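Below is one structure, written out as structure tokens, with a few remarks after it.
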Amino acid sequence: MEKAFNRQKVLLAHLQPTSPSPLLSASICAAGDSAAYHRTAAFGDDIVIVAAYRTAICKARRGGFKDTFPDDLLGFVLKAVVEKTNVNPSEVGDIVVGTVLAPGSERAIECRMAAFYAGFPDTVPLRTVNRQCSSGLQAVADVAASIKAGYYDIGIAAGLECMTVNGIRSVPQVNPRVEAFQQARDCLLPMGLTSENVAQRYGVTRQDQDQAAVDSHRKAAAARASGKFKDEIIPVTTKIVDPETGIQKVITISEDDGIRPNSNLAELSRLKPAFKKDGSTTAGNASQVSDGAGAVLLMKRSLAAQKGLPILGVFRSFAAVGVDPAVMGVGPAAAIPAAVQAAGLELNDIDLFEINEAFASQYVYCIKKLELDPEKVNVNGGAIALGHPLGATGARCVGTLLNEMKRRGKDSRFGVISMCIGSGMGAAAVFERGDCVDALCNVRKVGSNDLLSKDAR
């Protein structure tokens with residue numbers, strides 16, 4: 001009996017860490033570096049994306065969705081994620097919609113209406129979230145956090161913006177107190193002027209910006225021509241009205257209409273600055289105002305496996321940070337390292353980046369500041385070519401990133417989505433390719449073990 005007790009003490013001692021490690025954190029345990037990203041017992045608790053769809057992105061006021069109601073746009077993508085996965089709508093615990101420009105209560109009601117159009121029962125709740133340009137990504141982070149916390153098992157994160165209906169407007173009435181606070185005043189700067197501030201402060205030239213715009217259109221045109229966007233875009237049948245005759249026509253939209261395949265430096269260099277007389281930000285090297293919507297279906301890995309659903313990606317981390325409002329475009333340069341660190345990774349571990357091209361000035365700056373390989377960033381173009389429907393951009397990026405990682409297979413394990421945020425913030429999230437499986441590279445054969453009981457030898 002005493003020998004058995006001693007054997008048990010020895011065994012228990014080997015199960016305890018020899019010394020506490022202050023360098024070991026929860027995020028490291030959950031992630032690790034890409035060379036040895038070992039799974040834990042919480043593997044089934046991973047929050048995964050099983051579907052991500054979007055409408056095409058159309059030019060506001062003159063594109064394909066100029067006569068489409070915002071709630072119809074959202075309804076199309078909500079219906080798509082349910083129909084393409086065969087998930088029972090009544091199982092969805094919450095729908096969170098990122099949206100920016102419309103009055104809050106008005107848009108929240110429209111989004112609730114869209115859920116009914118898509119076939120959701122009245123038992124499924126919905127709310128909106130507004131973190132400006134990162135609202136769609138914030139919706140994804142909110143749903144992932146809620147599932148992780150056990151509030152519900154299945155959630156939909158969506159994004160919607162109809163800039164035809166709701167344009168960017170200045171604050172109608174400003175508190176006089178703002179004059180005593182420089183950074184508070186800077187929150188009111190037009191976004192184009194913050195782009196000029198970034199260009200001037202960090203030495204981003206007009207040619208740098210125009211070249212980034214040309215590259216965005218070139219890559220987006222190539223992606224569209226090769227059919228890459230077909231995996232993420234759902235065709236939308238809607239109406240369009242001829243502004244001269246008033247005649248309505250039924251059309252089906254399945255391609256982004258802002259891409260200019262023939263964009264070139266010579267043409268862009270002739271455009272006048274849009275925000276500052278001697279500035280460098282133009283209509284050609286800034287994101288397009290757009291209409292569009294997207295939706296992402298999330299759940300725990302264990303539930304996805306139970307339902308037999310393919311896993312498109314794994315949500316690994318999220319970070320939102322604040323920066324100087326006068327140069328709000330630098331947000332991704334601060335948010336990306338924070339999100340990557342929270343995932344237990346390093347920048348070199350990231351294989352693909354989706355950085356929103358709000359303005360070419362800030363996009364170019366962030367790549368240079370983080371010393372990123374341009375070949376890993378926005379490989380299928382960005383908002384300069386595709387458009388930037390503010391609340392929908394984050395949801396759009398999820399589908400674009402994860403489908404590209406899926407196509408690249410083993411050559412692309414981790415990806416990052418990031419954007420700058422008006423009034424001086426940045427947000428970023430880390431995703432892992434869905435079909436990634438670790439090899440048991442740390443297994444070794446044990447010849448003999450004296451700690452085993454006599455009965456087990």
Side-chain angles (χ1 to χ4, degrees), residues 49-58 60 63-65 68-89 91-102 107-121 124-129 135-140 142-143 154-166 229-239 251-257 290-299 309 312-313 386-403 417:
I49 293 93
V50 299
Y53 295 103
R54 67 174 177 96
T55 67
I57 300 174
C58 295
F65 291 141
T68 302
F69 287 103
D71 39 320
D72 279 334
L73 280 179
L74 180 60
F76 287 125
V77 291
L78 292 179
K79 189 173 184 179
V81 295
V82 168
E83 287 186 343
K84 290 181 177 293
T85 58
N86 289 319
V87 167
N88 186 336
E91 291 184 85
V92 174
D94 200 5
I95 300 171
V96 181
V97 185
T99 186
V100 180
L101 296 176
R107 182 46 52 83
I109 290 171
E110 290 175 333
C111 291
R112 177 76 164 146
M113 290 159 53
F116 291 130
Y117 302 158
F120 286 85
V124 177
L126 178 147
R127 70 177 173 90
T128 58
V129 60
S135 296
L137 186 61
Q138 185 67 58
V140 173
D142 285 2
V143 170
I154 301 174
I156 293 177
L160 168 67
E161 210 66 58
C162 189
M163 299 179 80
T164 293
V165 177
N166 308 110
F229 295 137
K230 289 182 179 179
D231 292 332
E232 60 192 80
I233 296 178
I234 56 161
V236 171
T237 299
T238 186
K239 68 177 181 180
I251 58 173
T252 298
I253 299 174
S254 58
E255 289 190 343
D256 307 306
D257 67 13
S290 313
D291 303 329
V296 180
L297 182 62
L298 299 96
M299 62 184 68
L309 294 170
L312 188 60
L386 299 173
H388 178 26
L390 308 183
T393 290
R396 190 278 297 175
C397 287
V398 172
T400 302
L401 174 73
L402 294 182
N403 278 295
I417 294 169

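When reading the values below, keep in mind they use all heavy atoms of this one structure, side chains included, and skip hydrogens, waters and symmetry mates. Since we're looking at a predicted model, the values are computed, not measured.
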Please report the closest heavy-atom contact between [X] and [Y], naming both atoms and the distance.
X	Y	value
Asp257	Gly64	OD2-N, 3.1 Å
Ala51	Thr85	CB-CG2, 3.7 Å
Cys162	Pro70	CB-CG, 3.7 Å
Gly98	Ala139	N-CB, 4.0 Å
Val81	Ala295	CG1-O, 3.7 Å
Gly75	Ala118	O-CB, 3.7 Å

Let me confirm one number: the [atom1]-[atom2] distance from [X] to [Y], rounded to the nearest 0.5 Å.
X	Y	atom1	atom2	value
Glu110	Thr99	CD	OG1	8.0 Å
Thr68	Lys239	OG1	NZ	8.0 Å
Ser290	Phe65	OG	CZ	11.0 Å
Arg127	Ile95	CZ	CD1	12.0 Å
Leu160	Arg54	CG	CZ	14.5 Å
Glu255	Ile57	CD	CD1	13.0 Å

query = For Glu232 and Thr400, does a side-chain donor sit closer than 3.5 Å to a side-chain acceptor?
reply = yes
message = Ignoring hydrogens and geometry beyond distance, is a side-chain donor-acceptor pair present between Thr128 and Arg107 at under 3.5 Å?
response =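 Their side chains do not contain a donor-acceptor pair, so the 3.5 Å distance test is not met.
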Can you check whether [Y]'s main-chain N or O pairs, donor with acceptor, with [X]'s side chain at less than 3.5 Å?
X	Y	value
Glu161	Val100	yes
Asp291	Gly63	no
Asp142	Val96	no
Thr55	Ala293	yes
Thr252	Thr237	no

remark   = Residue set satisfying side-chain contact (heavy atoms from CB on, under 4.5 Å) with Cys397, at least two apart, ordered chain then number -> Glu354, Thr393, Ile417
Set of residues satisfying side-chain contact (heavy atoms from CB on, under 4.5 Å) with respect to Ala56, sequence neighbours excluded =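 Ala56 satisfies side-chain contact (heavy atoms from CB on, under 4.5 Å) with Ile233, Ile253, Asp256 once adjacent residues are dropped.
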ask   = Could you walk me through whether Val143 and Asp94 pass the side-chain contact (heavy atoms from CB on, under 4.5 Å) check?
value = CA-CA 8 Å; Val143 170; Asp94 200 5; 6.0 Å; no
remark   = Partner of Leu126 under side chain to side chain contact (heavy atoms under 4.5 Å, CB included), picked from Val92, Val97, Ile156, is Val97
task = Evaluate the side-chain contact (heavy atoms from CB on, under 4.5 Å) criterion for residues Tyr117 and Leu74: first the C-alpha distance (whole Å), next the side-chain angles of each, then the deciding distance (0.1 Å), finally the verdict.
result = CA-CA 9 Å; Tyr117 302 158; Leu74 180 60; over 6 Å; no
query = Crowded around Phe116 CZ? As in, over 12 foreign heavy atoms under 6.0 Å?
reply =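 Enclosed: over 12 neighbouring heavy atoms sit under 6.0 Å from CZ of Phe116.
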query = Hey, are the side chains of Thr238 and Ile251 touching, using non-hydrogen atoms and a 4.5 Å cut-off?
reply = yes
task = Decide yes or no on side-chain contact (heavy atoms from CB on, under 4.5 Å) for Lys79 and Ile234, but give the supporting numbers first.
result = CA-CA 10 Å; Lys79 189 173 184 179; Ile234 56 161; over 6 Å; no
